[in-house]
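Both ligands and their constituent atoms are indexed starting at 1 by order of listing.
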Amino acid sequence: MTILLTGAAGYIGSHTAVALAEAGYDVAIVDDFSNSSPEAVRRCEALTGKKMPLYEADVADKAAMARIFAETKPAAVIHFAGHKAVGESVAKPLKYYRNNLDTTLSLLECMADAGCKRFIFSSSATVYGAKAAVPYTEESETGGCTNPYGWTKFMIEQIAGGVAKADPAMSVVLLRYFNPVGAHPSGRIGENPSGIPNNLMPYITQVAVGRLPHLNVFGDDYDTPDGTGVRDYIHVVDLAAGHVKALEYALSHTGTEVFNLGTGHGVSVLELVHAFEAATGVKVPYVIAPRRPGDLASVYADCSKAKRVLGWKAEKTVQDMCADSWRWQSNNPNGY
Ligand code: UFG
């Protein structure tokens with residue numbers, strides 16, 4: 001059975017490709033490499049010993065996608081492709097709305113044309129915006145997003161939900177990721193941000209490897225135990241396993257379901273820095289900097305629904321996240 005993954009040369013998609021191949025699925029990938037490298041897919045093939053047909057195309061290109069659907073005949077689609085830099089989305093809102101919405105609309109149209117009824121989407125905890133109280137459950141209020149990137153996730157959830165409502169044979173699973181970190185324990189695939197990283201863990205590893213001089217800790221006066229921001233960091237290998245469970249669910253159900261994928265535990269910026277130092281023996285110099293606009297004090301998940309319905313929960317520790325991120329970064333100091 002073939003599963004078509006969009007954007008799977010990227011960070012979460014590549015780890016999911018490995019997990020799906022190991023679970024016995026055939027994986028086909030479409031990616032335009034606008035923010036990723038085909039080398040990631042070659043390494044996924046090497047890790048699993050399975051071929052993963054790789055199509056270079058823009059997901060918004062319906063003619064190209066129609067050919068890919070005809071060739072691969074996927075039983076399901078997992079849609080990772082999309083722009084994801086929060087700050088850039090504030091500066092270039094149209095780029096984000098155009099790309100993230102266009103690709104998804106075209107993809108859903110191609111799926112309808114091809115009779116493919118299973119759609120799994122990379123959503124984000126960002127859809128909870130600033131409205132709900134932590135821990136977020138899937139019933140927490142969404143909307144009130146603080147940036148266009150977040151709004152694209154929110155809008156795509158509405159669009160996919162509407163498609164499932166209109167077609168009773170359709171299955172849509174919306175996965176709200178918290179903060180993915182870590183890398184495959186082999187150190188062969190991992191997160192490879194272009195330019196200076198926006199996110200905390202890749203920033204830490206680039207300081208540790210000597211590419212950046214120090215970490216800026218964005219605010220130490222939040223209402224949290226040590227004053228720094230608290231997030232629910234989840235190991236990308238656990239997250240990938242969550243996709244395999246979500247796929248099994250999508251293959252045997254119809255309608256729309258939403259799942260939080262996190263650990264349920266909040267970790268502060270300084271706790272993560274100290275955990276990284278303890279796991280790797282490498283010092284991470286930091287300075288306290290002003291708060292970053294749009295950041296919330298504390299974001300973490302209630303993941304009981306994923307455990308109850310999917311039989312999934314995160315297994316890996318913060319130490320695993322740090323050690324595996326470091327293995328990837330130190331083995332690949334310049335990425336792919
Ligand atoms: N932080 C720093 N210094 C840095 C980078 C981050 O102190 O150089 C802090 C932030 O202030 C925050 C924490 O580290 O407290 C995590 O920040 P990230 O940028 O790693 O992650 P965010 O929680 O801001 O955003 C992430 C994803 C988004 C997603 C959001 C959902 O990057 O795509 O989670 O809640 F929308």
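The proximity of D295 to ligand 1, defined as any non-hydrogen pair under 4.0 Å, is limited to the side chain. By the criterion of a heavy-atom distance under 4.0 Å, the side chain of Y149, and not its backbone, is placed next to ligand 1. The proximity of N198 to ligand 1, defined as any non-hydrogen pair under 4.0 Å, is limited to the backbone. The residue Y286 has no part lying near ligand 1, judged by heavy-atom distances below 4.0 Å.
Counting only non-hydrogen atoms, the option in K153, R231, R292 that gets closest to atom 24 (O) of ligand 1 is R292. Which of V269, L212, N179, T228 comes nearest to atom 9 (C) of ligand 1 through a heavy atom is settled by distance: it is V269. Relative to atom 3 (N) of ligand 1, the option among V217, N216, D232 with the closest non-hydrogen atom is N216. Ranked by closest heavy atom to atom 30 (C) of ligand 1, the top entry among P202, S124, G294, G87 is S124. Evaluated by nearest non-hydrogen atom to atom 2 (C) of ligand 1, the leading choice among Y300, F218, Y233, Y222 is F218. The closest non-hydrogen atom to atom 6 (C) of ligand 1, taken over V299, L200, I288, comes from L200.
Inspection of the Y128 and R176 side chains reveals an N or O donor paired with an N or O acceptor under 3.5 Å.
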Next item on the list: Start with the C-alpha gap between Y286 and H214, add the side-chain angles, then the distance that decides, and say whether ring-ring contact (aromatic ring centres under 6.0 Å, His included) holds.
Entry: CA-CA 5 Å; Y286 66 85; H214 63 260; 9.6 Å; no
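Seen from the ring of Y222, R291 counts as a face-on cation partner, given the 6.0 Å and 45° thresholds.
Taking only nitrogen or oxygen atoms, main chain and side chain alike, N199 reaches within less than 3.5 Å of ligand 1.
The closest side-chain heavy-atom distance from I12 to Y177 is below 4.5 Å.
For atom 15 (O) of ligand 1, the nearest non-hydrogen atom of the protein is G229 CA, 3.6 Å.
In plain terms, the two heavy atoms of G150 and T126 that are nearest each other are CA-CG2, 3.5 Å.
Under 4.0 Å is where a charged nitrogen must lie from a carboxylate oxygen, and between K313 and E315 at least one such pair does. Between R42 and E45 no salt bridge is recorded (no basic side-chain N to carboxylate O distance below 4.0 Å).
Proximity of the aromatic rings of H15 and F80 is defined here by a centroid distance below 6.0 angstrom, and this criterion is not met.
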